[in-house]
2 protein chains.
Amino acid sequence: MIKYSGQTRILVAVDCIIFGFDGENYKLLLVQRGFAPERAKWSLMGGFIRPDETLEQAANRILKQLTGLENVYMEQLQAFSSPDRDPVERTIAVAFVALIDIHKYEKQLSKEYHAEWFPLKEMPHLIFDHEKMVELAKNSLRYKAAFHPILFELLPEKFTIPQLQALYEGLYDTTLDKRNFSRKLLSTGLLIKQADKDKESSKKGAFYYKLDQNRYLDDFQAFLNFIPKPDKFLINETTLN
Amino acid sequence: MIKYSGQTRILVAVDCIIFGFDGENYKLLLVQRGFAPERAKWSLMGGFIRPDETLEQAANRILKQLTGLENVYMEQLQAFSSPDRDPVERTIAVAFVALIDIHKYEKQLSKEYHAEWFPLKEMPHLIFDHEKMVELAKNSLRYKAAFHPILFELLPEKFTIPQLQALYEGLYDTTLDKRNFSRKLLSTGLLIKQADKDKESSKKGAFYYKLDQNRYLDDFQAFLNFIPKPDKFLINETTLN
DNA sequence: ATTTATAAGTGTTATTTTGACACAAAATTA
DNA sequence: TAATTTTGTGTCAAAATAACACTTATAAAT
């Protein structure tokens with residue numbers, strides 16, 4: 001099925017930047033390589049694309065392979081194509097960002113792939129250009145989350161406003177005024193208050209909320225300005241490359 | 001230099017969505033294919049990546065090959081990877097968006113590639129998934145331009161406020177209040193007023209402005225809110241796929 | 001020389017949004 | 001029942017936004 005002559009065919013891989021949030025810190029799901037090169041070093045979960053699948057399908061397959069999870073929020077970040085980024089053979093890697101509710105994959109981490117959650121701030125050194133991918137993913141997440149209700153993907157179905165606030169504060173490494181924050185969040189109309197409370201983290205307890213799924217899908221593209229002056233927290237793209 | 005065994009190598013191409021603006025309308029630079037498949041149909045300018053270059057280098061090479069231009073604003077849009085998107089042979093295409101000052105490549109359009117500027121609104125049918133690429137590029141441009149001073153890339157070094165307003169109005173297919181628009185633009189501090197006027201489009205003439213290059217580079221990432229309620233003009237991403 | 005036509009350029013005000021700020025309520029534990 | 005801790009909410013001043021109309025400069029026409 002080779003028909004264009006005189007062209008070089010290249011390996012194409014997918015690498016997944018998988019974010020989670022444990023209520024306290026952002027976490028990154030990494031795997032320890034069991035094979036050369038860079039054996040025993042940490043890396044993003046990845047794999048080569050197959051002849052009959054799209055990059056998106058490959059990313060989902062690879063994520064499922066590791067975590068067993070399906071229907072996860074996932075989006076294409078960027079293609080990385082430095083000719084010598086993989087010392088073994090030229091490989092173009094397309095990075096995908098996945099956001100998962102960490103509770104869905106916390107215990108029984110894959111032994112096969114030697115998977116482990118690392119606090120984003122204590123990330124080990126990664127192989128190839130994977131650290132750059134993570135930096136870019138972090139920046140992209142900060143960008144998107146400032147406008148779009150995307151961080152909900154990191155929380156379980158029921159969550160509290162204080163949890164949500166910790167999520168935003170963690171991403172931008174800042175503190176937010178809780179009165180202004182909850183006013184803004186509630187004014188989106190995306191949240192449905194539940195009757196029950198989460199009593200884990202306080203005596204009083206905090207009311208649970210759920211996402212209004214219909215509005216969530218409709219308003220995903222809406223600009224909601226969750227974060228004041230988001231550019232303060234963003235790294236100039238040119239610096240990242 | 002093949003070292004990973006049992007994997008399929010794939011053709012990787014770059015396709016360029018090249019936008020211009022003629023003062024009136026957005027234009028798209030297309031080429032007419034001189035070879036099968038889809039001979040004589042219109043398509044984006046593209047080409048295969050070479051063994052020793054990155055995707056970005058390939059995109060710049062291909063753009064230069066067509067237009068002779070270098071140092072053009074260019075950024076990666078997305079990889080398109082449907083296994084059958086190219087009927088001849090599986091090819092993954094990475095789309096790049098380029099913004100050029102149309103005056104730098106208006107006359108002497110490449111005969112070799114049969115290049116032509118089309119008004120974006122009167123785009124012919126394109127081969128493969130190129131129309132989808134253009135849609136996505138348009139949406140991405142609308143998104144970025146709402147916040148970042150990116151559209152200047154489409155104008156010559158010296159430009160007037162009314163030209164700039166036409167540029168924004170064209171992109172969002174809307175009208176803007178010129179008092180509010182110029183106030184907002186001038187308040188960014190990005191523009192340096194020139195002593196001379198453009199007398200092309202009015203008797204009174206409109207003062208030229210130039211970009212303050214230092215500020216431009218510094219503030220590129222800043223959120224400037226050029227367009228009120230930009231989500232009104234954006235297509236939901238899920239609709240685009 | 002005067003008038004006319006056309007696009008450029010600018011200022012005010014009401015409304016909305018934002019950001020800064022502090023105290024009361026609920027419930028567990030001492 | 002008092003103390004502690006976290007949740008939950010209201011006000012007000014400042015800033016940003018959106019709506020709105022008239023004057024100015026100049027070339028072309030009379």
Side-chain angles (χ1 to χ4, degrees), chain A residues 23-24 146-147 149 155 158-170 172 174-210 219 222-233, chain B residues 23-24 146-147 149 155 158-170 172 174-210 219 222-233:
Chain A
E24 190 80 6
F147 301 118
L155 293 177
K158 292 194 324 187
F159 50 83
T160 68
I161 305 272
Q163 279 168 14
L164 206 43
Q165 185 169 346
L167 192 61
Y168 277 87
E169 292 183 337
Y172 299 97
T174 188
T175 55
L176 300 168
D177 182 277
K178 67 177 172 171
R179 290 158 291 190
N180 294 339
F181 181 80
S182 81
R183 171 159 43 103
K184 191 165 270 185
L185 257 291
L186 293 172
S187 78
T188 63
L190 287 171
L191 304 183
I192 303 172
K193 192 173 189 172
Q194 305 300 112
D196 51 336
K197 284 181 163 184
D198 165 40
K199 315 268 292 200
E200 293 286 304
S201 57
S202 79
K203 295 160 185 168
K204 181 176 177 180
F207 279 104
Y208 279 119
Y209 286 81
K210 280 189 184 176
D219 291 1
F223 282 90
L224 298 167
N225 260 298
F226 292 111
I227 299 295
K229 307 231 167 70
D231 41 331
K232 274 199 310 189
F233 306 107
Chain B
E24 190 81 4
F147 300 118
L155 294 178
K158 292 195 323 186
F159 50 83
T160 68
I161 305 272
Q163 278 168 17
L164 206 41
Q165 185 169 347
L167 191 62
Y168 277 87
E169 291 183 337
Y172 299 97
T174 187
T175 56
L176 301 168
D177 182 277
K178 66 175 172 172
R179 289 159 290 191
N180 295 339
F181 181 80
S182 81
R183 172 155 42 93
K184 190 164 272 183
L185 258 292
L186 293 172
S187 78
T188 63
L190 288 171
L191 303 184
I192 302 173
K193 192 172 186 172
Q194 305 301 111
D196 52 336
K197 284 180 163 185
D198 165 40
K199 315 268 293 202
E200 292 287 303
S201 56
S202 79
K203 295 160 184 170
K204 181 176 178 179
F207 279 104
Y208 280 119
Y209 286 81
K210 279 189 185 176
D219 291 1
F223 282 88
L224 297 168
N225 260 298
F226 292 111
I227 298 295
K229 306 233 169 69
D231 41 332
K232 274 200 309 190
F233 306 107

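Convention: sequence-line order gives letters A, B, ...; per-chain numbering from 1.
- Here B:T160 lies out of heavy-atom contact (under 4.0 Å) with every strand.
- Between the side chain of A:K197 and the backbone N or O of A:K204, at least one donor-acceptor pair lies under 3.5 Å.
- Ranking C:dG9, C:dA26, D:dT26 by closeness to the B:K199 side chain, first place goes to D:dT26.
- Residues B:N180 and A:G205 each lie close to DNA chain C; by heavy-atom proximity, the contact nearer the 5' end of the strand is made by B:N180.
- Distances from the side chain of A:A206 to the nucleotides D:dT17, C:dA7, D:dT7 place D:dT7 closest.
- For A:Q165 and D:dT6, the CD to C1' distance is 12 Å, given to the nearest whole Å.
- Between B:G23 and B:A166, the shortest heavy-atom distance links the atoms O-CB, 4.0 Å.
- Rounded to whole Å, the distance from CG on B:L185 to P on C:dT10 is 13 Å.
- When the nucleotides D:dA18, D:dA28, C:dG19 are ranked by their closest atom to the side chain of B:R183, D:dA18 comes out on top.
- In this structure, CZ of B:F207 is placed 14 Å from C1' of C:dA7, rounded to the nearest angstrom.
- Taking atom CZ on A:F181 and atom C1' on D:dT7, their separation rounds to 14 Å, with Å as the unit.
- For the pair A:K203 NZ and D:dT7 P, the interatomic distance rounds to 12 Å; values are reported in whole Å.
- Of the candidate nucleotides D:dT9, C:dG9, D:dT7, C:dG9 has the atom nearest to the side chain of B:K178.
- Per the geometry, CD belonging to A:Q163 stands 11 Å off P belonging to D:dG8, to the nearest Å.
- To the nearest angstrom, P of C:dA7 lies 14 Å from CD of B:E169.
- Between the side chain of B:R179 and the base of D:dA21 there is at least one donor-acceptor pair of N/O atoms closer than 3.5 Å.
- By the 4.5 Å heavy-atom criterion applied to side chains, B:T175 and B:F181 are not counted as neighbours.
- Counting distance only, with no hydrogens placed and no angle test, the side-chain atoms of B:K204 and the base atoms of C:dA8 include a donor-acceptor pair under 3.5 Å.
- Heavy-atom distances to DNA chain C give each of A:K184 and A:S202 a nearest nucleotide, and the one nearer the 5′ end belongs to A:K184.
- Closest to the A:S182 side chain, of the nucleotides D:dA25, D:dT6, D:dT9, is D:dT9.
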- Message: Evaluate A:E169 against A:L167 for side chain to side chain contact (heavy atoms under 4.5 Å, CB included), listing each step before the verdict.
- Response: CA-CA 6 Å; A:E169 292 183 337; A:L167 192 61; over 6 Å; no

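- We find that CG of A:D177 is positioned 14 Å from P of C:dT18, with the value rounded to whole Å.
- Residues B:Q163 and B:I161 have side chains not in contact (no heavy-atom distance under 4.5 Å, counting atoms from C-beta outward).
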